[in-house]
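Reviewing the structure listed below.
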Amino acid sequence: MKQKSVYLCSDCGYESPKWFGKCPSCGAWNTMSEFKIQPESAARGTNSFPRGASRPVPLSEIESGDEARFHSGIGELDRVLGGGAVHGSFVLVGGEPGIGKSTLLLQMCQEMCRNAKVLYVSGEESLRQIKLRAARLQISSPELYILSETDMEQIIQETEQMEPDILIVDSIQTVYKRDLTAAPGGTTQIKECAMSLMQYAKNKNVTIFIVGHVNKEGTLAGPKILEHMVDCVLYFEGETTGPFRCLRAAKNRYGSTNEIGVFEMSDHGLLEVNNPSAAMLAGHPQGASGNCIACVMEGSRPLLAEVQALAAKTQFGVPRRTAAGVDYNRMVLLLAILEKRCGFFLSSSDVYVNVVGGMRLDEPAVDLPMVLAIASSFRDKPLPEGVMGFGEIGLTGELRAVSGAAQRINEAYRLGFHTCIMPMQDIDETLTKKMNIVRVRTAADAIRAVL
Ligand SMILES: Nc1ncnc2c1ncn2[C@@H]1O[C@H](COP(=O)(O)OP(=O)(O)OP(=O)(O)O)[C@@H](O)[C@H]1O
Ligand SMILES: [Mg+2]
């Protein structure tokens with residue numbers, strides 16, 4: 001049979017029978033390259049299930065069985081997965097180099113091996129390296145099998161022979177299929193390898209975890225289709241220089257995407273942080289200007305974090321602004337509000353904002369603490385001790401209500417705060433007995449109340 005060829009865009013994975021200078025899907029230039037398809041796979045198409053295996057079935061006749069889950073023994077990971085990894089699910093774990101993806105997955109094996117057969121395939125590390133890491137993490141399960149391999153056919157063959165319940169592939173960028181001419185890590189290889197794994201997972205009801213690298217922009221490297229294909233996409237993030245790591249679900253077909261898991265990296269691997277607020281506030285400077293404690297909701301949990309700001313006189317023409325842990329554009333917008341609505345002339349000040357502990361706070365409720373921290377630094381006047389706040393700030397400088405106020409106040413009370421600056425919104429009156437609640441209408445009022 002004649003070999004067919006297709007043209008694939010290396011940026012977005014768009015497939016076409018003819019060549020284009022500009023990809024019709026993503027608009028990138030010179031990204032289409034030719035790939036030969038083996039006659040057999042050409043007949044099946046690149047992404048089909050075996051022919052004749054499926055037929056329409058009434059929904060009522062489909063047996064779902066129980067939604068059984070594997071528990072990892074790591075509470076923070078299980079919560080992000082929605083209560084454990086569902087049997088037969090396909091999970092993608094992405095993150096920056098050295099953040100701890102391999103560590104997390106290897107640590108997870110320890111518990112999972114107790115009631116499942118686990119195969120850990122590494123295309124990045126040798127058996128010896130994995131053994132050394134396992135020794136450091138004190139993992140000694142005889143039921144854990146390791147394979148150091150990058151050839152996809154070989155991996156599937158070994159997996160078919162061993163029939164594990166859980167298969168871990170670290171990472172999808174290092175494995176390759178021999179019949180494709182593209183280099184490993186390219187869009188086509190990633191797509192085809194993930195497709196083979198997915199077919200295997202769905203046919204044999206095997207739970208698969210794959211590690212994915214991220215690109216310079218911080219999104220998962222490879223085609224977007226990879227994220228569509230899998231059931232869960234988890235991002236492992238944090239500053240590699242700091243000890244805290246945060247696991248988030250960007251997509252989850254079996255649970256909420258709001259939950260986060262907080263870990264601390266140590267020599268013995270990742271430790272769960274059960275009380276993240278206390279950990280984030282450790283070392284909080286007393287009586288220093290330019291900081292304010294924020295309370296954000298991370299899924300169902302409130303989390304206290306310290307927002308720091310430094311406003312210093314600009315030395316050269318254009319003032320510098322940097323944001324770490326908060327959205328840069330949001331910070332710039334709040335600076336404009338401070339200038340226009342609160343009378344702070346920041347146009348000749350450099351402003352730096354940072355969230356201590358490497359956490360990323362993207363919730364609008366962090367607006368008020370950010371503004372208070374900047375104002376405090378600008379006036380070089382510390383906020384009174386035991387004060388925290390939350391609230392979204394609108395363009396007219398008004399403070400807007402946020403959800404979960406009671407949970408935030410309770411968390412702040414638990415950690416010893418006595419005053420809460422918040423928007424004009426109804427709260428349970430019993431909370432006012434616990435804490436001094438200061439409800440204000442505008443950002444300017446909030447600043448007047450504490451500075
Ligand atoms: N004693 C130690 N030896 C090696 N790494 C350690 C040690 N203690 C802590 N670590 C941490 O473990 C991290 C490496 O974790 P891991 O290899 O799991 O990351 P990864 O996300 O899989 O990285 P990669 O993308 O390179 O595969 C290091 O960056 C370091 O922060
Ligand atoms: Mg790794």
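Computed over heavy atoms, backbone and side chain alike; hydrogens, waters and symmetry mates excluded. In listed order, ligands and their atoms are each counted from 1.
- In this structure, Phe209 CZ and Leu81 CG are separated by 5.5 Å, a value rounded to the nearest 0.5 Å.
- What you find for Ile156 and Ser196 is that their closest heavy atoms are CD1-O, 4.3 Å.
- Atoms CG and CD, on Leu220 and Glu227 in that order, are 4.5 Å from each other to the nearest 0.5 Å.
- Ion pairing of Asp350 with Arg321 is absent here, as no side-chain N (NZ or NE/NH1/NH2) approaches a carboxylate O to less than 4.0 Å.
- Any N or O atom pair closer than 3.5 Å counts here, and Gly98 shares at least one such pair with ligand 1.
- Annotation for ligand 1: atoms under 4.0 Å from non-hydrogen atoms of Arg245 are 31 (O).
- Nearest protein heavy-atom contact of atom 5 (N) of ligand 1 is Arg136 NH2, 3.5 Å.
- Checking each of Leu334, Asn354, Val353 against Val326 for a side chain to side chain contact (heavy atoms under 4.5 Å, CB included) leaves exactly one that passes, namely Val353.
- Between Arg133 and ligand 1, a contact under 3.5 Å exists for at least one N or O pair.
- Residue-level proximity to ligand 1 for His213 is absent, since no heavy atom of it falls below 4.0 angstrom.
- The Mg ion (ligand 2) has Ser102 OG as protein N, O or S atoms under 2.8 Å away.
- The protein atom (non-hydrogen) at minimum distance from atom 20 (P) of ligand 1 is Lys101 N, 3.5 Å.
- Contact between Ser266 and ligand 1 is present, with at least one heavy atom of the residue lying under 4.0 Å from the ligand.
- When all heavy atoms of Pro369 and Cys292 are compared, the pair lying nearest together is O-CB, 3.5 Å.
- Salt bridge status for Arg248 with Glu259: absent, with no side-chain N to carboxylate O gap under 4.0 Å.
- Interface of Thr103 with ligand 1, defined as ligand atoms under 4.0 Å from a residue heavy atom, comprises 15 (O), 16 (P), 18 (O).
- Salt bridge status for Arg301 with Glu76: present, with a side-chain N to carboxylate O gap under 4.0 Å.
- When non-hydrogen atoms are compared, ligand 1 lies under 4.0 Å from the side chain of Met265 (C-beta onward) but not from its backbone.
- Regarding atom 19 (O) of ligand 1, its nearest protein heavy-atom neighbour is Gly100 N, 3.1 Å.
- Taking all atoms of both residues into account, the shortest heavy-atom contact from Leu226 to Ala194 is CD1-CB, 3.4 Å.
- Nearest heavy atom pair, residue Val86 against residue Thr207, reads O-OG1, 3.6 Å.
- Formation of a donor-acceptor pair under 3.5 Å by the Lys18 side chain with backbone atoms of Val6 is not found in this model.
- For the pair Pro97 and ligand 1, the shortest N or O to N or O distance does not fall below 3.5 Å.
- In this structure, atom 22 (O) of ligand 1 lies nearest to the protein heavy atom Ser102 OG, 2.6 Å.
- Remark: ligand 1 atoms within the under-4.0 Å shell around heavy atoms of Ile99 are 19 (O), 21 (O).
- A donor-acceptor pair shorter than 3.5 Å can be found between the side chains of Gln308 and Glu306.
- Distance from atom 8 (N) of ligand 1 to its nearest protein heavy atom, with residue and atom name: Asp267 OD1, 3.1 Å.
- With salt bridges taken as basic N to acidic carboxylate O contacts below 4.0 Å, one links Glu15 and Lys191.
- Atom numbering of ligand 1 starts at 1 in the shown order; those under 4.0 Å from a heavy atom of Glu124 are 27 (O).
- With Leu303 as reference, Met359 is the one residue of Glu411, Arg408, Met359 to meet the side chain to side chain contact (heavy atoms under 4.5 Å, CB included) rule.
- Ligand 1 lies out of reach of Gly95, whose nearest heavy atom is not under 4.0 Å from it.
- Judged by the shortest distance from any of its heavy atoms, Glu125 lies outside the 4.0 Å radius around the atoms of ligand 1.
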